[in-house]
Amino acid sequence: MSDYSKEEKSLLIVEKLNEVFDVRVFEDKDPYRVLVRTILSQRTRDENTDQATNNLFSKYKDIYEVADAPTEDVEELIRCSGFYRVKAGRIKEVSRILIDQYGGEVPNNMKELLELPGVGRKTANCVLVYAFEEPAIPVDTHVHRISNRLGLVNTKDPEDTEKELDNFVPEDIKILLNDLMVQFGQNICKPISPQCEICPLDELCDKNI
DNA sequence: AAAACGGGGGC
DNA sequence: GCCCCAGTTTT
């Protein structure tokens, strides 16, 4: 396995995982809705994220309606996503900041995104990738864990994982690798009790788990 | 470095 | 009934 370079290994990972998982496509690229959806997705499964997102945007159409909505109403609409009071407060706060300071638009750079409440590196990168189509790697717990297990990186801090991956993952597969790793992490290479017996990356892994 | 936020679903 | 989930902020 170690006769591959890390770049070659990342390409192989995408190839093999893509035989098992379909890359998820997010049809809605509106930056504000991508941002809100991503905040709602924090520590939350996809089904509950989708439900909360649909609940919110079927009642409030745009950033101005969300900003003016009663906080309790927003809380109730996104309740199923969990952390709903914190998220509702941050979504309302973000909306107000964007209206007051950015003309109602979402900034398209890491620095300004990180200044928004509820937006860390993972969320900011999701916005850059899914709304602005920039090549970046949103490193969540799955991507961090699996990159380490597969020996692509050797890091404790997810930000270091992001910077390491940035060094050798080809731009055109960054989002593919990211999304496939998440699905792989959710379904097979789980945090505890990984399903090594059905692993499509068997030959790339040291199994030092 | 650790705690806090949380309803929903798997087992 | 117990444990975890595409994180971020606060202590």
Side-chain angles (χ1 to χ4, degrees), chain A residues 13-14 17 21-29 31 33-56 71-95 97 106 110-132 134-150 152-153 155-162 165 169 173-195 209:
Chain A
I13 290 168
V14 167
L17 288 183
F21 302 107
D22 292 324
V23 178
R24 292 171 295 182
V25 288
F26 297 99
E27 64 295 335
D28 193 348
K29 295 187 175 182
R33 288 196 294 274
V34 170
L35 173 56
V36 171
R37 200 205 102 90
T38 307
I39 290 174
L40 290 173
S41 81
Q42 292 165 1
R43 299 299 288 174
T44 303
R45 291 182 162 83
D46 290 344
E47 311 80 65
N48 296 329
T49 299
D50 293 340
Q51 184 63 56
T53 306
N54 292 337
N55 286 350
L56 182 65
T71 301
E72 297 84 32
D73 291 4
V74 174
E75 287 178 355
E76 200 51 41
L77 291 169
I78 68 170
R79 188 185 192 88
C80 63
S81 80
F83 296 144
Y84 61 95
R85 280 190 278 266
V86 172
K87 288 175 179 175
R90 288 173 180 166
I91 287 169
K92 291 236 353 160
E93 204 177 339
V94 164
S95 304
I97 292 171
V106 176
M110 176 65 74
K111 181 179 181 301
E112 290 178 320
L113 285 168
L114 287 179
E115 291 171 358
L116 301 172
V119 179
R121 291 198 73 84
K122 185 265 175 186
T123 300
N125 272 326
C126 280
V127 171
L128 293 176
V129 166
Y130 293 111
F132 298 114
E134 284 195 25
I137 303 183
V139 174
D140 73 325
T141 55
H142 295 301
V143 175
H144 181 58
R145 178 183 70 258
I146 286 156
S147 297
N148 275 282
R149 281 184 179 172
L150 292 176
L152 289 177
V153 302
T155 54
K156 294 286 286 182
D157 184 349
E159 184 170 347
D160 292 332
T161 301
E162 181 193 330
L165 292 176
V169 178
I173 68 160
K174 278 183 178 174
I175 191 53
L176 303 181
L177 179 70
N178 180 83
D179 186 66
L180 290 168
M181 271 192 179
V182 170
Q183 296 189 57
F184 176 55
Q186 291 171 331
N187 297 290
I188 298 175
C189 196
K190 301 176 182 182
I192 56 175
S193 307
Q195 315 280 96
I209 301 174

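Side-chain atoms are counted along with the backbone in the values below, which use heavy atoms only and exclude waters and symmetry mates. Below, read A as the first sequence line, B as the second, and so on, with proteins coming before strands; counting in each chain starts at 1.
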Open item on the list: Using a 3.5 Å limit for the pairing distances, which stems of at least 3 consecutive Watson-Crick or G-U wobble pairs does DNA chain B take part in?
Closed with: B:1-5 with C:7-11, B:7-11 with C:1-5
TODO: For A:Q42 and for A:I192, locate the closest nucleotide of DNA chain C by heavy-atom distance; then report the residue assigned to the nucleotide nearer the 5' terminus.
DONE: A:I192
Open item on the list: For the P atoms, the ones on B:dG6 and on C:dT11, what distance do you get once it is rounded to whole angstrom?
Closed with: 15 Å
Task: Rounded distance [0.5 Å steps], CG in A:D140 versus CG in A:N125 - done: 11.0 Å
Task: Residue pair A:T44 / A:K87, side-chain donor-acceptor N/O under 3.5 Å - done: yes
TODO: Can you sort out the partners of A:K92 under salt bridge (Lys or Arg N to Asp or Glu O under 4.0 Å), two or more places apart, ordered by chain and number?
DONE: none
Open item on the list: With no hydrogens and no angle check, just 3.5 Å: does a side-chain donor-acceptor pair link A:T123 and A:Q42?
Closed with: yes
Open item on the list: Using a strict threshold of under 4.0 Å (side-chain N to carboxylate O), is an ion pair present between A:E115 and A:K111?
Closed with: yes
- [ ] Answer with base, sugar-phosphate or nothing: what part of the nucleic acid does A:T44 contact at a heavy-atom distance below 4.0 Å?
- [x] base
Task: Pair A:I13-A:L180, side-chain contact (heavy atoms from CB on, under 4.5 Å): steps then yes or no - done: CA-CA 9 Å; A:I13 290 168; A:L180 290 168; over 6 Å; no
Open item on the list: Which is more 5' along DNA chain B, the nucleotide nearest A:K190 or the one nearest A:Y84? Just name the residue.
Closed with: A:Y84
Protein-nucleic acid N or O pairs under 3.5 Å, nucleotides 8-10 of chain B:
residue : atom : partner : partner atom : Å
B:dG8   : N2   : A:R45   : NH1          : 2.9

Open item on the list: Using the P atom as the point on both nucleotides, what is the distance between C:dC3 and B:dA3, in whole Å?
Closed with: 15 Å
Open item on the list: Does A:T38 form a side-chain contact (heavy atoms from CB on, under 4.5 Å) with A:K122? I'd like the steps, not just the answer.
Closed with: CA-CA 9 Å; A:T38 307; A:K122 185 265 175 186; 4.1 Å; yes
TODO: Output, in order, the C-alpha distance, side-chain angles, deciding distance and verdict of side-chain hydrogen bond (donor to acceptor under 3.5 Å, both in side chains) for A:T161 and A:T155.
DONE: CA-CA 6 Å; A:T161 301; A:T155 54; 2.6 Å; yes
Open item on the list: Using a heavy-atom cut-off of 4.0 Å across all strands, would you classify A:T49 as base, sugar-phosphate, or nothing?
Closed with: nothing
- [ ] Could you tell me whether A:V182 contacts a base, only the sugar-phosphate backbone, or nothing, with contacts defined as non-hydrogen atoms closer than 4.0 Å?
- [x] base
Task: By ring pair (Phe, Tyr, Trp, His ring centres under 6.0 Å) - contacts of A:F132 (at least two apart) - done: none
Open item on the list: Work out how far the C1' atom of C:dA6 is from that of B:dA2, and round it to whole angstrom.
Closed with: 22 Å
- [ ] For the pair A:E93 and A:R90, find out whether any cationic side-chain nitrogen is under 4.0 Å from an anionic carboxylate oxygen.
- [x] no
- [ ] Go through A:Q183 and A:L17 one step at a time and tell me if the side-chain contact (heavy atoms from CB on, under 4.5 Å) criterion holds.
- [x] CA-CA 9 Å; A:Q183 296 189 57; A:L17 288 183; over 6 Å; no
TODO: Quick one: label A:R24 by what it contacts on the DNA or RNA (base, sugar-phosphate, nothing), any heavy atom closer than 4.0 Å.
DONE: base
Task: Residues within residues 111-125 of chain A bordering DNA chain B, heavy-atom distance below 4.0 Å - done: none
Open item on the list: One thing to verify: whether A:R24 and A:D46 come together as a salt bridge, which I'm taking to mean a side-chain N less than 4.0 angstrom from a carboxylate O.
Closed with: yes
TODO: Decide yes or no on side-chain contact (heavy atoms from CB on, under 4.5 Å) for A:L152 and A:M181, but give the supporting numbers first.
DONE: CA-CA 12 Å; A:L152 289 177; A:M181 271 192 179; 3.6 Å; yes
Task: chain A contact limits on DNA chain C, taken 5' to 3' with a cut-off of 4.0 angstrom to heavy atoms - done: C:dC4 to C:dT9
Open item on the list: Would you say that A:C189 contacts A:I146 through its side chain, given a criterion of any heavy-atom pair below 4.5 Å between the two side chains?
Closed with: yes
